[in-house]
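Following: one structure in structure tokens, then a few remarks.
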Amino acid sequence: MKNNKIFVILISIFIGIALMILMIIAAISITNNITPVVNQNIENQNEMNQENTIENQVGNTEKNENTGNMTVIDPIINPSNPDDNIEPTESFVSSYYYNQLDSTAKTIYTVLKRDKSKFISGNHSVDYGTQFNTLLNSQGGQDKLTQAFQDAWDAFIYDNVDLFYIDITKVNIHIAYQDLGGIRTYKVSIGPRNEKGYYLETFKTQEQVEKAKTYIEDVKKQMATQISTDGIYRKLGKVHNWLIENITYEANTNSKDQYTIYGALVQNKAVCEGYARAFKYLMDGTGVPCVIVSGTATNSQGQEENHAWNYVQINENWYAVDVTWDDPIITGDGEVPAELKYKYFLKGADEFKVDHKEDGRISEKGKIFKFPTLSTQNYKP
């Protein structure tokens, strides 16, 4: 019995030792399962790095401007896939000037619009056949047709600002006739003045025009995409600011590009008409109603000069935007102060027409068009 008791005691000791060993092993295992503080710091550092990256990205694309309740983010335009197609977006103002033409000018405009894509060749002729035969056989018919052509073309290039490669001085209306049995029959076409075509001097080949067209359409597409979720007020502000940041006013009398969206969006140099065309072009891509307006303006020296700007529609009301005069020339490296940058942004008639005057003429001898009636008061966001 005594030996048995000793044996039991020994077993109990061994069991106790085993339990102690198991407890030690368990404690070590638990310790190994605790996440090291070093790894926690690394994870936190990764989160901080990610936040810093986001902040840096926003810093490259966001620019706060003093615009009342609006924080303007200037879009970043980069080259994208040339195979991407841009979906045309049109509003009722796409034919704003067409709607003011008489029946003859509308007929001319309609066929111009039908053949618009063919103008890129640089030598396309629009054939009207004998459509104007009756008019041309009437007294003063040729003068009436010539005037209708001028009116139609004026409306066409203000409604369609993307024809940046055409030199209108190289386009002519051709009138031919044939006498047979005492009856004179007229045929009319519109096309290049001569065999050299009607490109602006910048362009020599169709390939050059197509390359420029692709680039400009890409800018329009990217702009529309980047501001697609914004309201009209923010869209207008972003396009307005982006143009100011990217265009330099330059009146180069040796180039006609400065009057076009090519000068504004590719060369980044333009006069008032180039600014106004570029603004309309980009706003057309968003579906925001926008038209070009021509007239005169009185500058800070008290001198009246020919000028062009835009009217835009917000909630059934029209407001003026003059991107050119919101981009004044600043001496040195200073930035345009906010009070100047938005001086002519979404203004009503009471303030805007103090130094801006409409005249309704797009060309010297053209039709006097009517512009939208401005709201009397400035837009209030």
Taking the inter-plane angle between the rings of [X] and [Y] on a 0 to 90° scale, is it parallel (under 30°), tilted (30 to 60°) or perpendicular (over 60°)?
{"X": "Phe352", "Y": "Tyr344", "answer": "perpendicular"}
{"X": "His240", "Y": "Tyr342", "answer": "parallel"}
{"X": "His307", "Y": "Trp309", "answer": "tilted"}

Is there a side-chain contact between [X] and [Y] (heavy atoms, below 4.5 Å)?
{"X": "Leu163", "Y": "Phe156", "result": "yes"}
{"X": "Ile108", "Y": "Leu112", "result": "yes"}
{"X": "Ile168", "Y": "Ile157", "result": "no"}
{"X": "Ile261", "Y": "Ile216", "result": "yes"}
{"X": "Ile314", "Y": "Leu346", "result": "yes"}
{"X": "Ile292", "Y": "Asn310", "result": "yes"}
{"X": "Pro372", "Y": "Val291", "result": "yes"}

Mind listing the closest non-hydrogen atom pair of [X] and [Y] along with its distance?
{"X": "Phe149", "Y": "Val171", "answer": "CZ-CG1, 4.4 Å"}
{"X": "Lys341", "Y": "Glu245", "answer": "NZ-OE2, 3.1 Å"}
{"X": "Thr248", "Y": "Tyr275", "answer": "C-OH, 3.7 Å"}

Query raised in the report: Under 6.0 Å from the six-membered ring centre of Tyr165 and within 45° of its axis: does the NZ or CZ of Lys213 meet both?
Result: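 No, Lys213 does not lie over the aromatic ring of Tyr165.
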Query raised in the report: Is it true that the NZ or CZ of Lys106 lies under 6.0 Å from the centre of Tyr98's six-membered ring and within 45 degrees of the ring axis?
Result: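 Pair Lys106/Tyr98 counts as cation-pi.
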Query raised in the report: Are Tyr311 and Trp318 close enough that their ring centers fall under 6.0 Å?
Result: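 Not close enough - the centres of the two rings lie 6.0 Å or further apart.
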Query - Tyr128 and Phe132 aromatic centres sub-6.0 Å - result: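 Between Phe132 and Tyr128, which both carry aromatic rings, the centre distance is below 6.0 Å.
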Is a side-chain donor or acceptor of [X] paired with a backbone partner of [Y] at a separation under 3.5 angstrom?
{"X": "Asp326", "Y": "Lys343", "answer": "yes"}
{"X": "Thr260", "Y": "Lys256", "answer": "no"}
{"X": "Thr130", "Y": "Asn133", "answer": "no"}
{"X": "Glu351", "Y": "Lys347", "answer": "no"}
{"X": "Asn172", "Y": "Pro192", "answer": "no"}
{"X": "Lys367", "Y": "Ile362", "answer": "no"}
{"X": "Asn99", "Y": "Ser95", "answer": "yes"}
{"X": "Ser294", "Y": "Arg361", "answer": "yes"}
{"X": "Gln267", "Y": "Ala264", "answer": "no"}
{"X": "Lys380", "Y": "Gln377", "answer": "no"}

Query - Pairs flagged by salt bridge (Lys or Arg N to Asp or Glu O under 4.0 Å) wherever residues 306-321 is involved - sequence neighbours left out - result: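 Salt bridge (Lys or Arg N to Asp or Glu O under 4.0 Å) check on residues 306-321 returns no pairs.
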Query raised in the report: What pairs meet the salt bridge (Lys or Arg N to Asp or Glu O under 4.0 Å) rule with one or both residues in residues 267-277, with sequence neighbours excluded?
Result: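 Only Glu250-Lys269, Glu273-Arg277 qualify under salt bridge (Lys or Arg N to Asp or Glu O under 4.0 Å).
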Report task. Using a strict 4.0 Å threshold on nitrogen-to-oxygen distance, state whether Lys238 and Asp230 make a salt bridge. Result ->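 Result for this pair is yes, salt bridge flagged.
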Query raised in the report: Between Lys170 and Glu201, does at least one N-O distance fall below 4.0 Å, as a salt bridge requires?
Result: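 A salt bridge links Lys170 with Glu201.
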Requested in this report: Give every residue pair that meets the side chain to side chain donor-acceptor pair (under 3.5 Å) criterion with at least one member in residues 115-125, sequence neighbours excluded.
Outcome: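 Residue pairs with at least one partner in residues 115-125: Asp115-His124, Lys116-Asn160, Lys116-Asp162, Ser121-Asn123.
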Flag if over 12 foreign heavy atoms under 6.0 Å of [atom1], [X]:
{"X": "Lys353", "atom1": "NZ", "value": "yes"}
{"X": "Gln142", "atom1": "CD", "value": "no"}
{"X": "Glu305", "atom1": "CD", "value": "yes"}

Query raised in the report: Is Leu101 reachable from Ile368 through a run of I, L, V, M, F, W or Y residues, each pair having side-chain heavy atoms under 4.5 Å apart?
Result: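 The answer is no; the residues belong to distinct hydrophobic clusters.
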With a 3.5 Å cut-off and sequence neighbours excluded, list the donor-acceptor pairs that the side chains of residues 184-191 form with protein atoms.
from: Arg184; atom 1: NE; to: Asp179; atom 2: OD1; distance (Å): 2.8
from: Arg184; atom 1: NH2; to: Asp179; atom 2: OD2; distance (Å): 3.0

Query - Reference residue Tyr158; test ring-ring contact (aromatic ring centres under 6.0 Å, His included); the match among Tyr109, Tyr97, Tyr96, Phe371 - result: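 By the ring-ring contact (aromatic ring centres under 6.0 Å, His included) criterion, Tyr158 pairs with just one of Tyr109, Tyr97, Tyr96, Phe371: Tyr97.
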Requested in this report: Carefully, step by step, assess Asp154 and Gln150 under the rule side chain to side chain donor-acceptor pair (under 3.5 Å).
Outcome: CA-CA 6 Å; Asp154 286 348; Gln150 183 65 62; 3.0 Å; yes
Query raised in the report: Which residues pass the ring-ring contact (aromatic ring centres under 6.0 Å, His included) test with Tyr379, sequence neighbours left out?
Result: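 Counting only residues at least two positions away or on another chain, Tyr379 forms a ring-ring contact (aromatic ring centres under 6.0 Å, His included) with Tyr233, Tyr319.
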Query raised in the report: Partners of Lys370 by salt bridge (charged side-chain N to carboxylate O under 4.0 Å, His left out), sequence neighbours excluded?
Result: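 Lys370 satisfies salt bridge (charged side-chain N to carboxylate O under 4.0 Å, His left out) with no other residue.
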**Report entry** Criterion side chain to side chain donor-acceptor pair (under 3.5 Å) on Asp151 and Gln147, from CA distance to verdict
**Finding:** CA-CA 6 Å; Asp151 297 344; Gln147 184 63 54; 2.9 Å; yes
**Report entry** Asp355/Thr298 under side chain to side chain donor-acceptor pair (under 3.5 Å): CA gap, chis, key distance, verdict
**Finding:** CA-CA 5 Å; Asp355 48 17; Thr298 304; over 6 Å; no
Query raised in the report: What distance separates Thr205 OG1 from Glu207 CD, expressed to the nearest 0.5 Å?
Result: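 Spacing of OG1 (Thr205) from CD (Glu207) equals 5.5 Å.
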Query - Interatomic distance, Glu304 atom CD to Asn306 atom CG [nearest 0.5 angstrom] - result: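 So the CD of Glu304 and the CG of Asn306 are separated by 8.0 Å.
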